[in-house]
Peer 1: 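Before I ask anything, let me first share the structure, which is written out below as structure tokens.
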Amino acid sequence: MREFDYRRAHDVTGAVALLAADPDARYLGGGTNLVDLMKTGVERPALLVDVRELPLDRIEPTADGGLRIGATVTNSDLAVHPEVRRHYPALTQALLAGASGQLRNMATVGGNLLQRTRCGYFTDLSQPCNKRAPGTGCPAVAGEHHNHAVLGASDHCVAVHPSDMGVALTALDAVVSYESADGPGEVPVTDFYLPVGDTPHRETALPPGALITQVTLPAAPVAARSRYRKVRERASYAFAIGSVAAALTIEDGRIREARLALGAVASRPWRARAAEAVLTGAPADGATFAAAADAELAAARPLPHNGYKVTLMRNLVVSVLTELAGEDAR
Ligand SMILES: Cc1cc2nc3c(=O)[nH]c(=O)nc-3n(C[C@H](O)[C@H](O)[C@H](O)COP(=O)(O)OP(=O)(O)OC[C@H]3O[C@@H](n4cnc5c(N)ncnc54)[C@H](O)[C@@H]3O)c2cc1C
Ligand code: SF4
């Protein structure tokens, strides 16, 4: 492990200035991903700027009925917040489905969004990997890829994004705010992760050295009836092999509003716009739900060993929407 300096930031401007002055510096949230990557040599920062004492640990209502979530709020605190539980239950469920209690007590909102892929080649320095070392190749395409992407991938990288929280935030139209050396900015979470293309090492729309300061959830009455369901190879303490965040509003048996995002299928949490278009205005029944899943998964391009994900996701989408429709009818 490379020797590194450690600084504790007390204000946002100071934190951003430290990163601007040193391209080898990294922000430190809970450290649950970054420190692991430092131990294996995937990350080799010269300086860690600890952001946990910044005044970004609040969850507050916004004037228009949404919620503003500071970037250093822990995953545990966010999961149990009464407003999140009441108005955005899919977010609580997604957070509680992630990692373990101990990890959630450390992990922050900003760090969760920026956690890196769990692709085994990415963390194995003896292997090539376009994401870690651009231009070296992607051994996963012809190698071990049973939990890799079926949507939106390229020959250059087929890794999936591992965040559960990010899938719920994507369905809920969250907006990420940041501060950079050039000033503040914001980006919808649906545009936060860049398409893979031939630059899988460029992962997000954040300017270099930018600090995530908050995530804003807009008011969304539809989200009060929302759900997150995760499929994994063990009952707990495992990353998803597929997940769904969904919300539905049904009136007179027809779907008035639908939100759907899929996890562990792409390099980013995947907003299922094609499925939403089929759902909106259609009867809330099994045929509609199956048609919606098929519309989204028509774009799937599975690899030899991950074709099961297409069937898994179809069944998961239909099952979660059926459950939500039943809940709506009560
Ligand atoms: C054993 C294990 C199991 C796990 N299982 C799951 C799971 O099932 N589901 C799931 O979703 N996750 C899972 N995780 C991942 C976990 O959720 C992440 O490690 C965690 O959310 C990262 O948050 P952190 O604050 O610790 O980030 P850190 O490790 O501190 O940082 C991660 C990255 O974000 C950057 N960063 C941190 N804060 C900011 C900020 N405010 N602005 C800009 N950059 C920032 C850092 O520089 C770093 O690049 C698991 C992790 C482990 C170790
Ligand atoms: S899938 Fe992406 S992260 Fe994995 S080896 Fe290929 S380029 Fe690297």
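All figures in this text were calculated on a predicted structure; none of them were measured in a lab. One-based numbering along the sequence shown. Just so you know, ligand 1 is whichever comes first in the structure, and atom 1 is the first atom listed for that ligand.
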Peer 1: Take every heavy atom of A210, measure it against each atom of ligand 1, and state whether any distance is under 4.0 Å.
Peer 2: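 A210: in contact with ligand 1 (<4.0 Å).
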
Peer 1: Identify the protein heavy atom lying closest to atom 2 (Fe) of ligand 2, giving its residue, its atom name and the separation to 0.1 Å.
Peer 2: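 Nearest protein contact, heavy atoms only, for atom 2 (Fe) of ligand 2 is C157 SG, 2.3 Å.
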
Peer 1: By number and element, which atoms of ligand 2 are closer than 4.0 Å to a non-hydrogen atom of K131?
Peer 2: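 Here the atoms of ligand 2 in question are 3 (S), 7 (S).
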
Peer 1: Does the pair E83/R85 count as a salt bridge with the N-to-O cut at 4.0 Å?
Peer 2: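 No salt bridge links E83 with R85.
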
Peer 1: Could you check atom 5 (S) of ligand 2 against the protein and tell me its nearest heavy-atom contact, residue, atom and distance included?
Peer 2: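 Scanning the protein heavy atoms, the shortest distance from atom 5 (S) of ligand 2 goes to Y121 CB, 3.4 Å.
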
Peer 1: Walk me through it: do E43 and R2 pass the test salt bridge (Lys or Arg N to Asp or Glu O under 4.0 Å)?
Peer 2: CA-CA 9 Å; E43 288 274 11; R2 180 185 183 184; over 6 Å; no

Peer 1: L114 to ligand 1: N or O pair under 3.5 Å?
Peer 2: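 Among all N and O atoms of L114, none is under 3.5 Å from an N or O of ligand 1.
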
Peer 1: Please say whether D164 places an N or O atom under 3.5 Å from an N or O atom belonging to ligand 1.
Peer 2: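 Indeed, backbone or side chain, D164 has an N or O that close.
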
Peer 1: Please find the pair of heavy atoms, one from V109 and one from N75, that lie closest to each other, and give the distance.
Peer 2: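 Minimum heavy-atom separation between V109 and N75: N-ND2, 3.9 Å.
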
Peer 1: Which residue supplies the protein heavy atom nearest to atom 47 (O) of ligand 1, what is that atom called, and how far is it?
Peer 2: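 The closest one turns out to be Y27 O, 2.5 Å.
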
Peer 1: Decide whether E203 and H201 meet the rule of one side-chain donor and one side-chain acceptor closer than 3.5 Å.
Peer 2: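 Judged by distance alone, the side chains do not pair up.
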
Peer 1: Please list, in number order, the atoms of ligand 1 under 4.0 Å from a heavy atom of G98.
Peer 2: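 Once the distances to G98 are compared, the set is 7 (C), 8 (O), 9 (N).
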
Peer 1: Report, in ascending order of atom number, the atoms of ligand 1 lying under 4.0 Å from any heavy atom of S163.
Peer 2: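 Answer, ordered by atom number: 11 (O).
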
Peer 1: Could you list which atoms of ligand 1 come closer than 4.0 Å to a heavy atom of N33?
Peer 2: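 The atoms of ligand 1 under 4.0 Å from a heavy atom of N33 are 19 (O), 29 (O).
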
Peer 1: Which one of L103, L56, V49 has a non-hydrogen atom at the shortest distance from atom 52 (C) of ligand 1?
Peer 2: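 Among L103, L56, V49, the closest heavy atom to atom 52 (C) of ligand 1 comes from L103.
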
Peer 1: Considering non-hydrogen atoms of the protein only, which is the closest contact for atom 6 (Fe) of ligand 2, and what is the distance?
Peer 2: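 Checking every protein heavy atom, the shortest distance to atom 6 (Fe) of ligand 2 gives C138 SG, 2.3 Å.
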
Peer 1: Y308, V150: one ILVMFWY side-chain cluster at the under-4.5 Å cut-off?
Peer 2: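 Same cluster: Y308 reaches V150 through Ile, Leu, Val, Met, Phe, Trp or Tyr contacts under 4.5 Å.
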
Peer 1: Going by distance only, is there an N or O of L206 that falls short of 3.5 Å from an N or O of ligand 1?
Peer 2: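 No, no N or O pair falls under 3.5 Å.
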
Peer 1: Identify, for atom 8 (O) of ligand 1, the protein heavy atom at the shortest distance, and state residue, atom and that distance.
Peer 2: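 Here the closest protein heavy atom is K230 NZ, 2.9 Å.
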
Peer 1: Would H145 and H305 satisfy ring-ring contact (aromatic ring centres under 6.0 Å, His included), going step by step from the backbone distance to the final call?
Peer 2: CA-CA 6 Å; H145 55 237; H305 306 300; 5.0 Å; yes

Peer 1: Tell me the protein heavy atom at minimum distance from atom 24 (P) of ligand 1, and give that distance in Å.
Peer 2: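 Closest protein heavy atom to atom 24 (P) of ligand 1: G30 N, 3.5 Å.
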
Peer 1: Output yes when R229 and E323 qualify as a salt bridge under the 4.0 Å nitrogen-oxygen rule, no when they do not.
Peer 2: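 Salt bridge present between R229 and E323.
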
Peer 1: Do the charged groups of D252 and R254 touch, with an N to O distance under 4.0 Å?
Peer 2: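 Here D252 does not pair with R254 in a salt bridge, since their nearest N and O are not under 4.0 Å apart.
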
Peer 1: Please tell me whether V189 and V175 are part of a single hydrophobic cluster in this structure, the criterion being side-chain heavy atoms less than 4.5 Å apart.
Peer 2: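 No; tracing contacts between hydrophobic side chains, which count when under 4.5 Å, never links both residues.
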
Peer 1: So for ligand 1, is V51 a polar contact partner (N or O within less than 3.5 Å, distance only)?
Peer 2: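 No; every N/O pair is 3.5 Å or more apart.
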
Peer 1: Note the single closest protein heavy atom to atom 4 (Fe) of ligand 2, along with its residue, its atom name and the distance in Å.
Peer 2: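 That would be C119 SG, 2.3 Å.
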
Peer 1: Going by distance only, is there an N or O of D36 that falls short of 3.5 Å from an N or O of ligand 1?
Peer 2: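 No, since none of the N or O atoms of D36 sits under 3.5 Å from an N or O of ligand 1.
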
Peer 1: Ignoring hydrogens, what is the shortest heavy-atom contact between V278 and A295? Give both atom names and the distance.
Peer 2: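 Shortest heavy-atom contact: CG2-CB, 3.7 Å.
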
Peer 1: Are side-chain N/O atoms of D182 and S180 paired as donor and acceptor at under 3.5 Å?
Peer 2: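 Per modelled atom types, D182 and S180 side chains form no pair under 3.5 Å.
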
Peer 1: Which residue holds the protein heavy atom closest to atom 22 (C) of ligand 1, what is that atom called, and what is the gap in Å?
Peer 2: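 Checked against all protein heavy atoms, atom 22 (C) of ligand 1 sits closest to T32 OG1, 3.3 Å.
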
Peer 1: Find all atoms of ligand 1 within a distance of less than 4.0 Å from any non-hydrogen atom belonging to G29, and give their numbers and elements.
Peer 2: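 Result: 25 (O), 30 (O), 37 (C).
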
Peer 1: What protein heavy atom sits nearest atom 42 (N) of ligand 1, and how far away is it?
Peer 2: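 Result: I212 N, 2.8 Å.
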
Peer 1: Could you check whether D57 and T72, counting side-chain N and O atoms only, form a donor-acceptor pair closer than 3.5 Å?
Peer 2: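 Not at all, the side chains of T72 and D57 share no donor-acceptor pair under 3.5 Å.
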
Peer 1: Any heavy atom of R116 closer to ligand 1 than 4.0 angstrom?
Peer 2: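 No; R116 lies far enough from ligand 1 that no heavy-atom distance drops under 4.0 Å.
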
Peer 1: Check each of D191, D173, T190 against R271 using the side-chain hydrogen bond (donor to acceptor under 3.5 Å, both in side chains) test, and report the only one that passes.
Peer 2: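 So the option named by the test is D173.
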
Peer 1: Please check whether L211 reaches ligand 1 - meaning an N/O of the residue sits under 3.5 Å from an N/O of the ligand, judged on distance alone.
Peer 2: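 Looking only at distances, the answer is no, because the N/O contact criterion of under 3.5 Å is not met.
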
Peer 1: Any idea which atoms of ligand 2 are less than 4.0 Å away from a heavy-atom of A159?
Peer 2: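 That gives atoms 1 (S), 2 (Fe), 3 (S) of ligand 2.
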
Peer 1: Answer yes or no for H156: is there an N/O/S atom below the 2.8 Å cut-off from atom 2 (Fe) of ligand 2?
Peer 2: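 Coordinating: no.
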
Peer 1: Atom 3 (S) of ligand 2: which protein heavy atom is closest, and how many Å away?
Peer 2: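 Nearest neighbour among protein heavy atoms for atom 3 (S) of ligand 2, to 0.1 Å: C129 SG, 3.6 Å.
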
Peer 1: Quick one: closest heavy-atom pair of Y27 and V16, and the distance?
Peer 2: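 Scanning both residues, the minimum pair turns out to be OH-CA, 3.5 Å.
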
Peer 1: To the nearest 0.1 Å, how far is atom 50 (C) of ligand 1 from its closest protein heavy atom, and which atom is that?
Peer 2: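 Minimum-distance protein heavy atom for atom 50 (C) of ligand 1 reads F239 CZ, 3.3 Å.
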
Peer 1: Any nitrogen or oxygen of Y237, main chain or side chain, under 3.5 Å from a nitrogen or oxygen of ligand 1?
Peer 2: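 No; every N/O pair is 3.5 Å or more apart.
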
Peer 1: Less than 3.5 Å between some nitrogen or oxygen of A99 and one of ligand 1, yes or no?
Peer 2: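 So ligand 1 has an N or O lying under 3.5 Å from an N or O of A99.
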
Peer 1: At their closest point, which heavy atom of K230 faces which heavy atom of A97, and how far apart are they?
Peer 2: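 Of all heavy-atom pairs spanning K230 and A97, the closest is NZ-O, 2.7 Å.
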
Peer 1: Check each atom of ligand 1 against the heavy atoms of A238 and keep those under 4.0 Å away; list them by number with element.
Peer 2: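 Ligand 1 atoms under the 4.0 Å threshold to A238: 8 (O).
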
Peer 1: Which atom pair, heavy atoms only, marks the closest approach of L125 to T40?
Peer 2: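 Between these two residues, the closest heavy atoms are CD1-O, 3.3 Å.
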
Peer 1: About how many Å separate CD of Q115 and CG of L37, when rounded to the nearest 0.5 Å?
Peer 2: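 If we round to the nearest 0.5 Å, L37:CG and Q115:CD are 10.0 Å apart.
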
Peer 1: Can you name the nearest heavy-atom pair linking C119 to A159, along with the distance?
Peer 2: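 Closest approach of C119 to A159, heavy atoms only: CB-CB, 4.3 Å.
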
Peer 1: Identify which of M165, Q115, H161 has a heavy atom lying nearest to atom 15 (C) of ligand 1.
Peer 2: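 When every heavy atom of M165, Q115, H161 is considered, Q115 comes closest to atom 15 (C) of ligand 1.
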
Peer 1: May I ask whether S100 places a heavy atom under 4.0 Å from ligand 1?
Peer 2: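 Under 4.0 Å: no for S100.
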
Peer 1: Side chains of N105 and T74: is there a donor and an acceptor less than 3.5 Å apart?
Peer 2: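 Absent: no donor and acceptor within the cut-off.
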
Peer 1: Can you sort out which atoms of ligand 1 are near A107, meaning under 4.0 Å from one of its heavy atoms?
Peer 2: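 That gives atoms 20 (C), 21 (O), 23 (O), 24 (P), 25 (O), 26 (O) of ligand 1.
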
Peer 1: For atom 30 (O) of ligand 1, which candidate among G209, G31, G111, A240 provides the closest heavy atom?
Peer 2: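 Nearest option to atom 30 (O) of ligand 1, by heavy atoms: G31.
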
Peer 1: Output the list of atoms in ligand 1 that are nearer than 4.0 Å to some heavy atom of P162, sorted by atom number.
Peer 2: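 Result: 9 (N), 10 (C), 11 (O).
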
Peer 1: Would Y228 and S243 count as having a side-chain donor-acceptor pair, cut-off 3.5 Å?
Peer 2: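 A donor-acceptor contact under 3.5 Å links the two side chains.
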
